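Worksheet: the structure to be examined is printed underneath.
Because the structure is predicted, anything quoted here is derived from the model rather than measured. First listed ligand is number 1; within each ligand, the first listed atom is number 1.
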Amino acid sequence: MDIFKAGSRASITANPDWFTGTVWQDPIVETPDPARARAVSVRFDPGARTNWHTHPLGQTLHVVSGAGRVQVWGESVQQIRPGDTVWIPPHEKHWHGAEPKVAMVHIAIHEALDGVHVNWLEPVSDEDYQTDPQ
Ligand code: MN
């Protein structure tokens, strides 16, 4: 058994190749093989968001604080708020992030397939990001 004491694992800044703006990641679940579960708390500064991407086995997002946005390719931008839970099916192209003027924290839960839990695509344009959400 491993007990990871609060504050014992450093926050990580997300790779700018895959995110716009400042994003912090705090690991919650990083299971060794053959387990596949992953969970990470992600904090997006105002205006920050992921690139477009897909997940080989899907992903659940649970919003903890602030105010955010999520969008599926070809659909409208949606608002997400604390307490909301989002399921993204395998291979569905999407992005998630903060509101333009408000930060957002969500817990992202997903499984890895052959060590891969995300396939990164292009950045979300300012035009797409700033579209008024539904
Ligand atoms: Mn995702």
- prompt: Can you tell me if Glu99 uses its side chain to pair, donor with acceptor, with the backbone of Ala103 under 3.5 Å?
  reply: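 Pair absent, no side-chain N/O of Glu99 close to backbone of Ala103.
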task: Please state whether the rings of His55 and His110 are parallel, tilted or perpendicular, taking 30° and 60° as the class boundaries.
output: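 Because their plane-to-plane angle is under 30°, the rings of His55 and His110 count as parallel.
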- request: Can you tell me, to 10 degrees, how wide the angle at the Mn ion (ligand 1) is between NE2 on His53 and NE2 on His96?
  value: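 Reported to 10°, the angle equals 90°.
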- request: Taking only Lys NZ, Arg NE, NH1 and NH2, and the carboxylate oxygens of Asp or Glu, determine whether Arg49 and Asp128 approach each other closer than 4.0 Å.
  value: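 Salt bridge between Arg49 and Asp128, a charged N being under 4.0 Å from a carboxylate O: no.
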- line: Which atom of His94 is nearest the Mn ion (ligand 1), counting N, O or S only? It is NE2
field: Metal site the Mn ion (ligand 1): N/O/S of His55 inside 2.8 Å
entry: yes
query: Is there an N/O/S atom in Gln59 at a distance below 2.8 Å from the Mn ion (ligand 1)?
result: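 Checking the Mn ion (ligand 1) against Gln59, an N, O or S atom does fall under 2.8 Å.
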- prompt: What do the steps show when you test His94 against Gln59 for side chain to side chain contact (heavy atoms under 4.5 Å, CB included), and what is the final call?
  reply: CA-CA 11 Å; His94 70 286; Gln59 181 180 54; 3.6 Å; yes
